Amino acid sequence: MPELPEVQTVVDTLSPRILGRSIARVDLRRSDIVDPAGIDLPQLITGRTVTSLTRRGKRIVFTLDDGNLFYIHLGMTGRLTIETPDAAIRKHTHLILSLNPEPRTLTPLELRFVDPRRFGGIWWCGKDAPKDTMGPEPLTITANELATRLKKTHRPIKNALMDQRVIAGLGNIYVDESLHAAGIHPLTFADRLKPAQVARLTKCIKSVLNKAIRHRGSTLRDYLDGEGKAGQFQKLHRVYARDGEPCLNCSTLIKRIVLGGRSTCFCPTCQRR
DNA sequence: GTCCATGTTCTTTA
DNA sequence: CTAAAGAACATGGA
């Protein structure tokens, strides 16, 4: 589910509800979603206040008032939503944080983490910056920076852009959409792209992501933002999951191939080899 | 029953 | 050794 635009939307919707509230109770219903295994997460965070909530790649980074830090990754089906305590607890709810009301309001809230497939989880970092082998943020990367990184790998551009060490935050949807916008065939070797193509790709990645953020992400099945609302950008996908349908630019039928074990959709006319 | 799914990480292969 | 490809993880829907 969640790539950069979805994760950014979750952070944006959660921030006003979480920042400044202290954590009154922690209900960790499945301790195997916490890494490292064996730490006492409830003991570490009960009574603390979240002082900042940020995104790095697809991670949601929580900073606490004692300087400790952890992040949540939503994996494929993870959801992080604000609920009132009386809301029904749905299946696969693994963590509930009860948040004290702000001084002026009397509404207690809960932050709930739900993740059926459990590819997501919570990573405790303590006071150290999280171990970070991720590439640069796509919204601020320069064309030169991306070009340098792509030059180092002889893989199809699709695979390279999916690799979080090359560039952080992109996944299957937004790589396909960006490559289509840039007119680049997904099988093109990353190290063979011309500077003009990388420049165009950089621009397209940014415009696709920004547009997706404005539409609050893509909801295919599981994704909801922090307030429980679905995204709308799936209605504007131009290639993702549109195989067999006409290209919105040229009417050629969108083709589907498998790359890196993932389905990859592209327009054979707009994206020539 | 089968296949597929927004992601990451470990293992195997070249 | 390294880079790249493939399998594995767990659940649910079509």
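Chain identifiers are assigned alphabetically (A, B, ...) following the order of the sequence lines, protein sequences preceding nucleic acid strands; residue numbering begins at 1 within each chain. None of the values given here were measured: they were computed from a predicted structure.
Atom CZ of A:Arg48 has more than 12 neighbouring heavy atoms from other residues, nucleotides or ligands inside a 6.0 Å radius.
Using a 4.0 Å cut-off, some side-chain N or O of A:Arg118 falls inside it from OP1 or OP2 of C:dT11. Put simply, A:Lys152 has no side-chain N or O that comes within less than 4.0 Å of OP1 or OP2 on C:dA3. Between A:His92 and C:dG12 there is a side-chain polar atom (N or O) within less than 4.0 angstrom of OP1 or OP2. For the pair A:Thr153 and C:dA3, the criterion of a side-chain N or O lying under 4.0 Å from OP1 or OP2 is not met. Note on A:Arg262: a side-chain N or O is less than 4.0 Å away from OP1 or OP2 of B:dG7. In this structure, A:Ser263 reaches the B:dA5 phosphate: one of its side-chain N or O atoms is under 4.0 Å from OP1 or OP2. Checking the phosphate oxygens (OP1, OP2) of C:dT11, no side-chain nitrogen or oxygen of A:Lys91 falls inside 4.0 Å. Distances shown here put a side-chain N or O of A:Gln164 below 4.0 Å from the OP1 or OP2 atom of B:dT8.
In this structure, CD1 of A:Ile33 is placed 20 Å from P of C:dC9, rounded to the nearest angstrom. Following rounding to the nearest Å, A:Phe189 (CZ) and C:dA3 (P) show an atom-to-atom distance of 16 Å. Per the geometry, CZ belonging to A:Arg165 stands 11 Å off P belonging to B:dC10, to the nearest Å. One can place CE of A:Met162 at 20 Å from P of C:dA3, the figure rounded to the nearest angstrom. Remark: C1' of C:dG12 and CE of A:Met76 are 12 Å apart, rounded to the nearest angstrom. Between the CG atom of A:Asp35 and the P atom of C:dC9 there is a distance of 18 Å, given to the nearest Å. For the pair A:Leu187 CG and C:dA5 P, the computed distance is 11 Å after rounding to whole Å. Distance, A:Arg117 CZ to C:dG13 P: 12 Å, rounded to whole Å.
On the P atoms, C:dA10 is 15 Å away from B:dT11, given to the nearest whole Å.
Set against B:dT8, B:dA5, C:dA4, the side chain of A:His154 has C:dA4 as its closest nucleotide. Of all nucleotides listed (C:dA4, B:dG7, C:dG12), C:dG12 comes nearest to the side chain of A:Arg221. If you check B:dA5, C:dT11, B:dG7 against the side chain of A:Tyr240, the one that comes closest is B:dA5. Looking at the side chain of A:Arg256, the nearest of the listed nucleotides B:dG7, C:dT11, B:dC4 is B:dC4. Side-chain proximity of A:His73 to the nucleotides B:dG7, C:dA4, B:dA5 is greatest for B:dG7.
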* Asked: What do the steps show when you test A:Thr93 against A:Phe113 for side-chain contact (heavy atoms from CB on, under 4.5 Å), and what is the final call?
  -> CA-CA 6 Å; A:Thr93 298; A:Phe113 177 59; over 6 Å; no
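Here the options are A:Leu14, A:Leu97, A:Leu19, A:Asp65, the test is side chain to side chain contact (heavy atoms under 4.5 Å, CB included), and the partner is A:Val50; only A:Leu19 passes.
If you check every strand for non-hydrogen atoms under 4.0 Å, A:Gly171 touches sugar and phosphate atoms only.
By the 5.5 angstrom centroid cut-off and the 30-degree plane limit, A:Phe119 is classified as not stacked against the base of B:dT8.
Ring orientation note: the planes of A:Phe62 and A:Phe70 are close to parallel, at an angle under 30° on the 30°/60° scale. The aromatic rings of A:Phe233 and A:His215 are tilted relative to each other, their planes meeting at an angle between 30° and 60°.
Between A:Arg56 and A:Asp132 there is a salt bridge, with a side-chain nitrogen of the basic residue lying less than 4.0 Å from a carboxylate oxygen of the acidic one. Between A:Asp115 and A:Arg117, none of the side-chain N atoms (NZ, or NE/NH1/NH2) sits under 4.0 Å from a carboxylate O, so this pair counts as no salt bridge.
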* To do: With pairs defined as Watson-Crick or G-U wobble and both distances under 3.5 angstrom, please note down DNA chain B as a dot-bracket string, | for pairing with another strand.
  => .||||.||||||||
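Counting atom types as modelled, A:Arg155 pairs no side-chain N or O with a base atom of C:dA5 as donor and acceptor under 3.5 Å.
The six-membered or imidazole ring of A:Phe266 lies away from that of A:His180, with a centre-to-centre distance of 6.0 Å or more.
In summary, the side chains of A:Asn249 and A:Arg238 do present a donor paired with an acceptor at a separation below 3.5 Å, with no hydrogens or angles considered.
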